[in-house]
> 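There's a structure below that I have some questions on.
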Amino acid sequence: MPLSSKTVAIFGGGIAGASLARRLSPDYPVTLVDPLDYFEVPMSAPRSLVAPNFAEAAIIPFSAALPTVRHIRGRLIEWSADAAKVQEKDGHMSTLSSDVSVLSTGSRFSNPLMRSEQGTLEERKTFYRRFHARLQRAQSVLIVGGGPIGIEVAGELSEAFPDKRVTVLEAGPRILGGTTPELAAHAQRVLAERGVNVIVNERLSGSQSTDDVFAPGGETTTDRGRTLSYDLLLWCIGGQPNTAFMRGRHLELLDSAGRIKVDPTLRVCGQRSVFALGDITDLAENKMAWHVQGQVKVAEANIRSVLEGRSDALKRYKAKTNDPTMVVTLGSRAGASQLPGIGLVTTGWLNRMAKSAHMLVPKYRKTLGVPKADVLIHQTGIRQTAAAGDR
Ligand SMILES: Cc1cc2nc3c(=O)[nH]c(=O)nc-3n(C[C@H](O)[C@H](O)[C@H](O)COP(=O)(O)OP(=O)(O)OC[C@H]3O[C@@H](n4cnc5c(N)ncnc54)[C@H](O)[C@@H]3O)c2cc1C
């Protein structure tokens, strides 16, 4: 039983929303609105594409992670200061009001490769199995986007399926533009050694669908006239902020990129009891879980203060502007990390420990208080999965 009767509504149960719900729910009645019935460790998706069993540990039902939180399966569709309009799974519209509300609806991707917009835990696992079967039939894979997602997917594919022809197409002057050139150069070297073809400064000129992961293979051209054929085309372009609910009545609270304007206390600008966290904020820092965890701590303290009538003593969050910290995996055994105070780390075992072996699944299972799971899938494990399916 929560100690207080003051209520908190959280919209979006990803890294920010689920962690915050876990921290606040012992003391306050918390309602979580999310169209999914599960939390998926976002970093795990590239691995689950090549090893669907990996999703068993990486996808955690909200009922296990947040047993005392009231979960409404639905989507915030319009926000205003007095009430939030929610469309529930069955289409039914309802409004939700609370003493404090938190907007943490994260990023939207062009297709379900990295994130489902709806559905159940079982449907997500089925997606990975179906994708894996499709992947096995493909001899050549074209990855569009050379940011962290595209490069991690290329790393997984080239490790698990060394015989497939993998191409990465990046519109910018280099891959991994959000971190240091040294890290990018290392990643490109490793991929080149595995036969991955990386093309930069070119973009697709055709009008391929970005949303159908299972579309048939074909041929396409770039804006420089290069023809690329593929059996499977994967759009791995970055996410966009999920903030459509703000456009109806509060466009002035969005910046030009559609991100929500927050003040240093992480409250939505001009709002006393509405917070925004994670990828949807206009904080000038890379949109990363690494930074979100610092935001969650500040927001938790401030939410408690607001609920206890101490709004004059709020903590301030300092955005990690120009912080190149990043850990990029290149399959389960390799990676490259740009770490604070250390610099570039390319040593295999260090990258395996940091992320490549487990994709941070144990960390987030711990954060959400669910039991440990054996998620260390070694290279041989992945190869066996692929080989078994090939037969
Ligand atoms: C493949 C991949 C690898 C990554 N690797 C790293 C890494 O190694 N290190 C790192 O620091 N960061 C990494 N990131 C980035 C990190 O995952 C994000 O920065 C982080 O998840 C953002 O957290 P969030 O809570 O803002 O949003 P999310 O985690 O995206 O969660 C948003 C939630 O909101 C829900 N939602 C969406 N719309 C609505 C709505 N209208 N109403 C209600 N709910 C809604 C969604 O269903 C989802 O559950 C990676 C991301 C990806 C995709």
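Heavy-atom basis, side chains included; hydrogens, waters and symmetry copies ignored. Note that the structure is predicted; figures quoted are calculated from it, not measured.
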> Does the side-chain contact (heavy atoms from CB on, under 4.5 Å) test come out yes or no for R75 and T105, once each step is laid out?
CA-CA 9 Å; R75 183 176 291 281; T105 48; over 6 Å; no
> Enter the distance from L314:CG to L266:CG here, rounded to the nearest 0.5 Å.
10.0 Å
> Are any of the side-chain heavy atoms of S140 and T167 separated by less than 4.5 Å?
no
> Do S337 and N351 pass the side chain to side chain donor-acceptor pair (under 3.5 Å) test, and can you show the C-alpha distance, the side-chain angles, and the key distance before you say yes or no?
CA-CA 7 Å; S337 307; N351 280 287; 2.4 Å; yes
> Which distance, rounded to the nearest 0.5 Å, do you find between the CH2 of W290 and the CD of Q295?
13.5 Å
> Can you tell me how the ring of H71 sits relative to the ring of F62, calling it parallel under 30°, perpendicular over 60° and tilted otherwise?
perpendicular
> Please answer whether the main-chain N or O of K363 pairs with a side-chain N or O of T367 as donor and acceptor at a distance below 3.5 Å.
yes
> Does CG belonging to D90 count more than 12 external heavy atoms closer than 6.0 Å?
yes
> Minimum heavy-atom separation for L253 to C269, with atom names?
CD2-O, 3.5 Å
> Hydrogens and angles aside, do E285 and Y317 bring a side-chain donor and acceptor to less than 3.5 Å of each other?
yes
> Take a 6.0 Å sphere around CZ of R129 and say whether it holds more than 12 heavy atoms from other residues, nucleotides or ligands.
yes
> Is the shortest distance from a Lys or Arg side-chain nitrogen in R224 or E202 to a carboxylate oxygen in the other one below 4.0 Å?
no
> Does the distance from a Lys or Arg side-chain N to an Asp or Glu carboxylate O, for R73 and E88, drop under 4.0 Å?
no
> Rounded to the nearest 0.5 Å, how far does CG of L135 lie from CG of L49?
7.5 Å
> Would you tell me whether T180 and Q338 have side-chain atoms, one donor and one acceptor, within less than 3.5 Å of each other?
yes
> For T329 and M359, which heavy atoms make the closest approach, and how far apart are they?
OG1-CE, 3.6 Å
> More than 12 non-hydrogen atoms from neighbouring residues, nucleotides or ligands closer than 6.0 Å to CE on M93, yes or no?
yes
> Do I260 and D282 come close enough that some side-chain heavy atom pair is under 4.5 Å?
no
> Would you call K355 and E152 a salt bridge, using N to O less than 4.0 angstrom?
yes
> If only side-chain N and O atoms count, and only distance matters, is there a donor-acceptor pair under 3.5 Å linking E252 with H250?
yes
> Is it true that E40 and R115 make a salt bridge, defined as a side-chain N closer than 4.0 Å to a carboxylate O?
no
> Distance to the ring centre below 6.0 angstrom and angle to the axis at most 45 degrees; does that hold for R134 and F214?
no
> Start with the C-alpha distance between N197 and V168, add both sets of side-chain angles, then the distance that settles side-chain contact (heavy atoms from CB on, under 4.5 Å), and finish with yes or no.
CA-CA 6 Å; N197 179 22; V168 176; over 6 Å; no
> For E308, is the CD atom crowded, meaning more than 12 foreign heavy atoms sit under 6.0 Å from it?
yes
> With the threshold set at 4.0 Å, does a side-chain nitrogen-carboxylate oxygen contact exist between D231 and R165?
no
> I need the single residue from T221, V144, T222, L233 that forms a side chain to side chain contact (heavy atoms under 4.5 Å, CB included) with L228. Which is it?
T222
> Rounded to the nearest 0.5 Å, how far does CZ of R108 lie from CD of Q240?
6.5 Å
> Does a salt bridge link R189 with E193, judged by any charged N lying under 4.0 Å from a carboxylate O?
no
> For S110 and D211, run side-chain contact (heavy atoms from CB on, under 4.5 Å): C-alpha distance rounded to whole Å, both residues' side-chain angles, the deciding distance at 0.1 Å, then the answer.
CA-CA 5 Å; S110 51; D211 51 358; 5.8 Å; no
> Tell me the closest heavy-atom pair linking V268 and A276, and the distance in Å.
CG2-CB, 3.9 Å
> Is any side-chain heavy atom of L234 less than 4.5 Å from a side-chain heavy atom of L142?
no
> Distance alone, cut at 3.5 Å: any donor-acceptor contact between the side chains of T265 and N302?
no
> Validate the cation-pi geometry between K125 and Y128: distance from NZ or CZ to the six-membered ring centre under 6.0 Å, angle to the ring axis within 45°.
no
> Which residue, T281, I280, D279, forms the side chain to side chain contact (heavy atoms under 4.5 Å, CB included) with L283?
T281
> Which heavy atom of F109 sits nearest to which heavy atom of I237, and what is that distance?
CD2-O, 4.0 Å
> Checking E159 against S332: is there a side-chain donor and acceptor pair closer than 3.5 Å?
yes
